[in-house]
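The chains referred to below are lettered A, B, ... by the order of the sequence lines, with proteins before strands, and numbering in each begins at 1. Everything numeric in this text was worked out from a predicted model, so none of it was measured. Any value given below was found using the heavy atoms of this structure, including those in side chains, with hydrogens, waters and symmetry copies removed.
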Amino acid sequence: MAIVAAPTASLDFTWRDASGSIGHTLVHVPDGTLAAVALTAAEALGALLAAMSDCVLIGYKLTYNRVENAPAAPVAGSRVEEKGNFIWTTADGRSTRFSIPAIKDSLLNQSGSVNRSAVAAAALITAVEDVGAIFAGASGSDITALFKAYQSFRSSTKNELPTDG
Amino acid sequence: MLRPVATLELVYMDERGSTGATVVNIPASSSIEVGDAQATALASLIAPMTDCTLVKYRVSWRVVIEDPGIAGSSAAIVNTGVFIFSDFDGGNLGLITIPAIKDEIVETSGNGAGVAIDQENEAVLDFVAQVIDMNASNPFGDIFYRLETAYRQSRV
């Protein structure tokens with residue numbers, strides 16, 4: 001199994017019309033295109049597109065896609081609704097968070113908090129907090145320390161419910 | 001305005017095929033090579049922590065228009081401009097669609113009146129030149145070389 005790149009990166013321009021409805025213009029560029037080059041080209045293209053549309057351009061997104069070509073089988077009983085939440089403080093005094101779907105029960109304390117001493121959890125925490133790490137909050141401020149980590153559950157979507165119930 | 005962070009979105013699949021994601025920010029100044037390296041490193045750290053399996057990841061940069069204004073009363077996304085491009089050999093096609101295409105770039109006379117887009121219109125020429133100059137392509141990476149046809153279509 002290996003991670004493979006899609007042939008192209010995508011530029012997704014988002015438009016809003018008079019009714020508030022949203023539309024998109026999707027443009028592809030070769031995957032080897034540098035992000036900075038693609039964003040510069042997108043800025044130029046966005047202005048030209050806007051000259052051809054009655055909508056207003058509200059933003060655009062550049063995305064590089066990578067796919068696992070032979071993913072391993074998930075563990076029996078795994079559920080994405082069971083999440084490990086990691087809340088971090090950032091250098092600007094704010095917080096940021098991410099979650100890990102189907103966190104392993106073996107990493108949890110009886111209360112549902114993450115056992116920070118567990119080898120895998122400690123390795124993640126160390127890597128994210130490391131001064132050389134570049135993980136950041138939404139403002140771009142560096143993550144400095146783990147604030148809270150615990151298990152939680154979100155509601156199942158309709159498509160996630162059992163079909164044989 | 002480029003948002004200050006790019007996002008790494010690692011997508012995991014559970015036993016049922018349902019997916020969930022871990023989304024982490026990195027500075028927007030990061031290159032895609034850095035994004036790939038960080039995503040790979042993060043995936044290796046998360047792997048022993050989840051019962052799911054990693055199926056894909058994305059690295060994204062977002063630009064937000066700070067004051068986009070309000071669309072004119074006639075603007076409707078269903079009035080779509082469709083531009084079909086071909087690669088150098090002409091054997092591979094791709095399209096770019098533009099919502100609420102302006103009336104003034106649609107031909108008003110001849111066989112294509114009301115439907116065909118005026119390919120000699122200055123805005124259209126500038127757009128096509130930029131598409132080709134930036135090496136835009138279809139999803140398979142076939143780089144556009146020329147505009148084959150362009151027309152207005154109602155798309156919901």
Side-chain angles (χ1 to χ4, degrees), chain A residues 7-8 15-18 21 23 25 27-30 34-35 39 41 44-45 48-49 51-68 71-72 74-80 84 98-104 107 120-121 123-124 127 134-140 160, chain B residues 4-5 12-15 18-20 22-27 30-32 38 45-46 48-65 68-77 81 96-102 105 123 126-127 130 134-141:
Chain A
T8 59
W15 306 90
R16 187 175 59 217
D17 73 7
S21 297
T25 295
V27 179
H28 296 271
V29 293
L34 298 174
L39 288 168
L45 186 62
L48 295 169
L49 289 168
M52 299 168 64
S53 175
D54 285 326
C55 287
V56 290
L57 180 65
I58 58 175
Y60 54 88
K61 180 172 76 167
L62 169 66
T63 302
Y64 292 80
N65 295 290
R66 308 285 185 256
V67 178
E68 171 59 64
V75 173
S78 55
R79 295 290 182 266
V80 293
F98 62 74
S99 62
I100 297 176
I103 190 157
K104 286 185 178 295
L107 296 174
L124 175 74
I134 63 171
F135 301 119
S139 66
E160 288 170 346
Chain B
V5 290
Y12 291 90
M13 184 176 69
D14 70 13
E15 181 195 21
S18 297
T19 56
T22 298
V23 181
V24 181
N25 301 312
I26 60 174
S30 305
S31 65
I32 182 57
Q38 294 296 324
L45 291 165
I46 292 175
M49 301 180 69
T50 178
D51 287 330
C52 289
T53 187
L54 180 71
V55 290
K56 61 185 173 184
Y57 73 83
R58 309 180 185 99
V59 187
S60 300
W61 288 256
R62 286 179 185 271
V63 172
V64 177
I65 307 300
I70 299 171
S73 59
S74 63
I77 58 171
I96 295 175
T97 60
I98 304 173
I101 198 78
K102 284 183 181 294
I105 65 170
D126 290 345
F127 161 68
Q130 174 63 17
M134 67 188 283
N135 284 337
S137 71
N138 66 15
F140 308 104

Would a distance-only check, ignoring hydrogens and angles, find a side-chain to backbone donor-acceptor pair under 3.5 Å from [X] to [Y]?
| X | Y | answer |
| --- | --- | --- |
| B/Thr22 | A/Ser99 | yes |
| A/Ser53 | B/Pro99 | yes |
| B/Thr97 | A/Thr25 | no |
| B/Glu15 | A/Gly77 | yes |
| B/Gln38 | A/Ile134 | no |
| B/Asp14 | A/Val80 | yes |

| note | Rounded to the nearest 0.5 angstrom, the CZ-CD1 distance for A/Arg16 and B/Ile70 is 7.5 Å
| query | If you round to the nearest 0.5 Å, how far is CD1 of B/Ile77 from OG of A/Ser21? | reply | 4.5 Å
| field | Atom group of A/Leu45 that falls short of 4.5 Å from chain B, counting heavy atoms | value |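 It is both, since atoms from each part get that close.
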| note | The interface call for A/Leu34 against chain B, heavy-atom contacts under 4.5 Å, is side chain
| request: Only counting residues at least two apart or in another chain, list the ones meeting side-chain contact (heavy atoms from CB on, under 4.5 Å) with B/Ser74. | output: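 For B/Ser74 the side-chain contact (heavy atoms from CB on, under 4.5 Å) partners, ignoring immediate neighbours, are A/Asp54.
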| request: Count the heavy-atom pairs under 4.5 Å between each of B/Val64, B/Ile32, B/Leu45, B/Ile26 and chain A, then report the option with the highest count. | output: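 Of the candidates given, the most pairs with chain A belong to B/Ile32.
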| query | Taking every heavy-atom pair that is under 4.5 Å apart, which of B/Asp51, B/Val5, B/Ile65 has the most such pairs with chain A? | reply | B/Asp51
Within-4.5 Å side-chain heavy-atom neighbours: [X] and [Y]:
| X | Y | value |
| --- | --- | --- |
| B/Phe127 | A/Leu49 | yes |
| B/Val23 | A/Phe98 | no |
| B/Ile101 | A/Met52 | yes |
| B/Met49 | A/Leu124 | yes |

Could you have a look at [options] and say which one has the most heavy-atom pairs with chain B under 4.5 angstrom?
| options | result |
| --- | --- |
| A/Gly140, A/Ala44, A/Ala102 | A/Ala102 |
| A/Leu57, A/Val27, A/Leu39, A/Val75 | A/Val75 |
| A/Ser139, A/Ser78, A/Gly137 | A/Ser78 |

| task | Would you please indicate yes or no on a ring centroid separation below 6.0 angstrom for A/Tyr64 and B/Trp61? | result | yes
| request: Scan for salt bridge (Lys or Arg N to Asp or Glu O under 4.0 Å) pairs involving residues 57-66 of chain A, sequence neighbours excluded, and state none if there are none. | output: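 Output for this query lists A/Asp31-A/Arg66, A/Arg66-B/Asp36.
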